[in-house]
Every structure is written in structure tokens, then in C-alpha cells.
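Since the structure comes first, as C-alpha cells, the remarks are kept for the end.
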Protein chains: 2
Amino acid sequence: MKRSIPTKRTTIYDLAELAGTSASAVSAVLSGNWKKRRISAQLAEKITRLAEEQGYALNMQASVLRRERSKIIGMIVPKYDNRYFGSIVEQFEAMARERGLFPIITCTRRDPALEIEAARAMLSYQVDCLIATGATDPDRIADICSAAGVRAVNLDLPGSRVPSVISDNFAGALELTRRVLANCEREFGEKAPLLFVGGRGTDHNTSERVRGFRAAHAEVGVAVDETLVLTCGYAPEKAENAMKAIAEKVGTLPRGMFVNSTISLEGVMRWIRRSGHYADRMPHLGCFDWDPFVAMLGDHIEMVRQDVPRMLDAVFEIIDSGASELKVIQIPPIVEQTG
Amino acid sequence: MKRSIPTKRTTIYDLAELAGTSASAVSAVLSGNWKKRRISAQLAEKITRLAEEQGYALNMQASVLRRERSKIIGMIVPKYDNRYFGSIVEQFEAMARERGLFPIITCTRRDPALEIEAARAMLSYQVDCLIATGATDPDRIADICSAAGVRAVNLDLPGSRVPSVISDNFAGALELTRRVLANCEREFGEKAPLLFVGGRGTDHNTSERVRGFRAAHAEVGVAVDETLVLTCGYAPEKAENAMKAIAEKVGTLPRGMFVNSTISLEGVMRWIRRSGHYADRMPHLGCFDWDPFVAMLGDHIEMVRQDVPRMLDAVFEIIDSGASELKVIQIPPIVEQTG
DNA sequence: CAATTCTGCTTCATCGATTGAGCAAGCGAG
DNA sequence: CTCGCTTGCTCAATCGATGAAGCAGAATTG
């Protein structure tokens, strides 16, 4: 039976009338604290049954309006196009639900203006807490939250106003670079500086990874070639263009490189195939981030996988404990087995 | 200046007091229909300025409670671990925002119970419309929505209660199978039935793809080997186990196969590498779904990419037009160039 | 048997925004 | 000068759920 006029939703008043009781009794029963409110088990059962029969669903807007806390938790995330952010979002949702929180997520496409707009929208929806993942300006978001009295946590990229949970980018990049350098030396018998490509020079993660990159070079006594550090942005096209430009500039490229995220790797690989530059022999690659198909691309690629479960455990520990000491928690990433 | 007591949020009443006017004037100004409500430009400007200064943010819970429509649009999605669903979600968010709608998304991890729970939760938050993407039981969701007077649309997997937008799975699978058959014949000089692996035998997409698979075999006069149709589920582990089992059972596997989604391909590739079964020569693969790194895995893989932009255009056309004729819109997928 | 406590409810204000109805002042027409 | 219209607002009800306060009647106590 279809109605063109949208079926009016059942409210606690409807149920109250049907049960011959008051709305507040219905509310008490359905919100589970009928013992506290001294409602008889008999009436409780009757109301519960009626609610079931009538297909009653709580109006959260009304409920949240009245309550002190909304139990809504927000997250902003840059993209959904890679395994890293995908697993962050999936895990976040699961953990939020476990805690009886309602997760809302917004993808900002790495657009700073959209980030701010999204944060404001979430505050309008009365989130109790906001996780800013990979935000370009985490402090701006933290300020907006603070003005509204809402807790915030940074994930992936750190800020200076609220606690942050990030990967240990330095350690991960150090180890990754070591491996690529070793692979190159093993195969080509020479110690030579690697190429670094991808990421934004201004973001904390990229600069820490560059630091790890430098440290690994220093360990083996190789000087980093500064013209080969290409922090051109994350997008595949940007990485592709950067490769093209550097190849034109320097003629011969190193036999090993550090790629800052799978998404940049996409562009790098595309360039390699299109240009035919490494047609004789594939270079040794190190990719900061993991993807199952990248792992199958060959034994010339090393990967570092960020430890998403541990990162989100840390995030929720901060949230659950209500802690707000200004600290940056660094989670060691996992160096993947090759092959 | 940090306060332990959360800063009380500014309301229209606060602004009214500051402006020496009434809350209703403030509401009229801030909701943009002050002309209709005959508020002077002068007062409007004053209120706007004050709102700015005080960092006023609308309380959506209150606003939605009062309004007829919430302008919230929900989507449930099975997973975030592949490009297909990732781009669906990203595009959905962007298109929703373009229309002044607030998107909320929930990932159900292919769990039927969670699907229902998620749908109910969204209704509690008063969504105006719900998109059920890849739902195991779309009709159940449609019924729940219908009871609440909420519009629903199916995406990716069709249902029988509300309009659906899906890929033309038959055509896509037909073309994909043709190509794999042709590739096999070219390389091995023989016409032989392919293996089909991945997906659920009960879902519409998988059965349509199997139908396309059969049709392509029929075209070249090859009989499908029924023991080689393995609709074992989507998860990588399931595909991996299915491969293992069939290899043990039949000894030698076909030199070509149809893999139903990148996520199943992950398991298939893993098995191929671990078992060493195709160590001499990689089989020709056809993958229903696209991934940039899969495309780089070699020239032995053909892919079909579902046309997400067109699919979402169709979804929003249904939503925008308010149409609710019971139809299934099939969008042709894109056969990717190999190499 | 009166006083007190306990049980099982109901009443009502409240959360913040929206909106139909209404009111007072100003202004022009007759 | 008065009637009627316009302008520019205010009032108050409303959305649905919540919970403090309160109120009968039953049960217990001294």
C-alpha cells in the first residue's frame, strides 16, 4: 500500500496515546532508564511492544537537541582513493559504533576551503568530537572547534592546538630509504643518491620523511642530491609531471627512488611506462604506504605500511580518556615483506 | 584562553538580545528569507555582522526538527577498500553538497545485519533520502524507508521496490570474456573454457556477469565448464581458497579467467604467486572493476571499469526529479585500454 | 491510626529554530 | 481627519524528546 503523502512518523506522543499513558513514560521506557524513573515492568513491556508494532523510530534531531551530548563524532578525510585512508575510515566507523557513537565523515579532496566548510558543517550538526585527518590546516580546525567547545584530535598530520596521532614518518622513511639504497647497491654495485618524489614540502609528514631520507643517505656516506627532492604534491598527475620535468633537466635519473604515497606512485609508474625511461631495468622503489597490487608489481618495490589499527586505537584512547594534553603520538609504521 | 567548561554556543536568542531585536527577526535574516519577512536591510546587516562577530553557527538539530525536510541524504556502502566504492562515495559527497544536501555515509562491511541497523540509524537522523549501495537485501531497506516515508534508491545492486541504478553487467562481462577468450586463443591457439571466480551466486550482478560469461563462450562455440564457475564471495581470502580448492580438484587450470572485482583479484593473484601454479606463463585475466595498479600488473589483464560518474548522475536525476517509477537503469561500463 | 515512605505515574519547561498571525507606526488617498 | 495599505517588526505555537518536580494512592512504621 503506497501513499503519496509521506507516512507521518510515529512519535512518543502517538505511543503514549495508544498505551493510555504519558509521553514521558514512553520516553523513559524507550531510552532504557525506566527503572530509574520508576515505571512498572508491566507498562514498560506494553510500551515496548507497541513501539515494536508501530515501527517507532527515535527522532535523533529532537533527542540530540534536548540532550547535553550528541554522541555524534565527525571525521574529515582528504580522499577515499587509497587503502590508507580507506582503512582509516572503515576502522573509525567500526570503533565509533562500538562506543555507541554515530560517525559522520566528510571527504575534503585536499581542498583547504572545503576542510573549513566541512568542519563548520559538522559543528552545526553538534558533533561531540572531530577528528581532522590529513588536514592542511589542522590548527584552524582546532580553533573553530575550540570556539564551539568541541574536542578535536588530529590524525595523520599533526597540529599544535590539540593532540595528534601520526605515523613515525622519520623512522619509516629511514628504514625504507635504507632498503632502497641497499637494493641499489646490491644490484648496481654503486652507492648513489636516490630520487624523492611526492608530497608537499610544507607538510610535517613529508618533511619528516625527507629527513629520514637524508639520514639514511648520511648513514652510508652518500650526499643527497637536492635537485632530486621533488615534493610536488600528492596527486598522480603532479608526480608524473615532476618526473617528466626532472628527466628533461638531468638526463639520467637515479636507479632508485623514494615515493611519498601510493597515490604519487600511480603517477610515477605511469610516467615510467609512458616515457620508457627505465625500459632496460626497473629502478628500485620505496613507497611510503601500502597497496596489495603495488606489492605484486615486482620485487623492486619496498613498502612501508602505516599502522592504522594502532593509530585509531591511540585516537580513541585520547577520546575515551578525555585527555587533552598537547602531545603528538607517533606510531611506528610496518615495513612490509617484499615478494 | 582555554576554558574547562565548554563554551556555551551562541543562539539566535543571544544575537537577538545583542541586536535589541527578536529571535524571529534573527532567524529570518540568517536563513536568508528576510526579504520575504520584511526585515529592513539595515537590521539585516546588523544581525549578519553580529552573527559573524560572535561566531554564530546554526544548530542543525533544532533547525531540522522544525523544518519539513532535513536536507540530509544518506548512503550505505559495503566497503572502502577499492577504487569503485571509493569513487562512488567521493562523487556522491560532492554531488550532494552541490545540491545543498548534507551527506552521511555508512560502511556496512557487507554485513546484512549492519546494513539494516545502519539504515535505521539514518532514518533516526531524519534523512530525506537513502541510497543503498551494493546492499545484500535492498528490498528490506526499501521497506524500512517506505514505512518512514523516506525515498530510497538502489545503486550497484538492484532491488524491486525502488528505482535502481546499476552497471550493465551483462554487456560488460560479455565484452570482457570475449577479450580474454580472444587473448587465450591468440597466445595458445586453442579455444577453451575460462574460469569464473568471485562474487556471490545469489546477487544480481554476479549472475548477470555469469550470463555474459556464458554468452561469450557460446559466441565462439565453447562450452562453459560448470565446475569452473566459482562464485565464492568477494573477499580475497574466499577467492584464494576457491582457487586452491579447484586446483586440487582438477589438476590443471584454464589459461584464462574472469575475476569478479578487484577485491577478488587480490586473492587470485596471491594464490597464483604462492602456489606457483602458473609459474611458466601467466594466465590471461579479465577483471570486472578497475584499479590503476592492476592495470600496471601486465598486459595479460583486461579490465572493465564501471562508469561511476554516469551512475551517480542517474541516481541524482532520480532524486532531483522526484521520480519513483520502478525502473532499473543500466549504465554501460567502460572497457579499459590495455597496456 | 496518623505519619512517613515508597511506588508509579503525570505535568510542564526546555533544547534552538521556524513561521503563521498579528500589531503598531507611517503614509497616501479621499 | 479618517480609512486603508504598506512597512517592519514581535508573539507565540510548534517540531519530538527529555527529565526535574510534583502528586496521588498504597504500603510501611511507630
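Keep in mind that this is a model prediction, so the values were computed, not measured. To find a chain, count down the sequence lines: A is the first, B the second, and so on, and within it residues start at 1.
Look at A/Ser63 and you'll find a side-chain N or O under 4.0 angstrom from OP1 or OP2 of D/dT18. At D/dT10, one or more side-chain N or O atoms of B/Thr21 fall inside 4.0 Å of OP1 or OP2 (strictly under the cut-off). Distances shorter than 4.0 Å separate none of the side-chain N or O atoms of A/Tyr13 from OP1 or OP2 on D/dT14. Distances shown here put a side-chain N or O of A/Tyr56 below 4.0 Å from the OP1 or OP2 atom of D/dA17. Between A/Ser22 and C/dT10, a side-chain N or O to OP1/OP2 separation shorter than 4.0 Å is present.
Atom pair B/Met60:CE and C/dG16:P shows a separation of 15 Å (rounding to whole Å applied). Rounded to whole Å, atom P of D/dG8 lies 16 Å from atom NZ of B/Lys46. When the C1' atom of D/dT18 is taken as reference, atom NZ of A/Lys36 falls 13 Å away, rounded to whole Å. Between B/Leu123 atom CG and D/dG16 atom P there is a gap of 15 Å when expressed in whole angstrom units. If you take CZ of A/Arg9 and C1' of D/dC15, they are 13 Å apart, rounded to a whole angstrom. Distance CG (B/Leu15) to C1' (C/dG16): 12 Å, rounded to an integer number of Å. Atom CD1 in B/Ile12 sits roughly 14 Å away from atom C1' in C/dT14 (whole-Å rounding). When the P atom of D/dG8 is taken as reference, atom CD of B/Gln42 falls 10 Å away, rounded to whole Å.
Remark: A/Lys79 NZ is packed, more than 12 non-hydrogen atoms of other residues, nucleotides or ligands lying under 6.0 Å away.
Comparing atom distances between the A/Leu58 side chain and each of C/dG16, C/dT10, D/dA17 picks out D/dA17 as nearest.
Comparing B/Arg67 and A/Ser27 by the nucleotide of DNA chain D whose heavy atom lies nearest to each, the residue mapping closer to the 5' end is B/Arg67. The residue among B/Arg38 and B/Leu30 whose nearest nucleotide of DNA chain C is located toward the 5' end is B/Leu30. Mapping A/Ala23 and B/Leu65 onto DNA chain D via the closest heavy atom, the residue that lands nearer the 5' end is B/Leu65.
A donor-acceptor contact under 3.5 Å is formed by the side chain of A/Arg66 with the base of C/dT14. For D/dG19, its base sits under 3.5 Å from the side chain of A/Arg37 at one donor and acceptor pair at least. Judged by atom type and distance alone, B/Ser24 reaches the base of D/dC11 through a side-chain donor-acceptor pair under 3.5 Å.
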What verdict does the side-chain contact (heavy atoms from CB on, under 4.5 Å) test give for A/Ile12 and A/Tyr56, after you've listed the backbone C-alpha separation in whole Å, the side-chain angles of each residue and the deciding distance to 0.1 Å? CA-CA 8 Å; A/Ile12 51 170; A/Tyr56 170 79; 3.5 Å; yes
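Using a cutoff of 4.0 Å between basic side-chain nitrogens and carboxylate oxygens, A/Arg49 and A/Glu53 are scored as salt-bridged.
With B/Ile104 as the fixed residue, the side-chain contact (heavy atoms from CB on, under 4.5 Å) test singles out one of B/Met122, B/Glu93, B/Met75: B/Met122.
Side chains of A/Leu30 and A/Leu15 form a contact here, defined as non-hydrogen atoms less than 4.5 Å apart.
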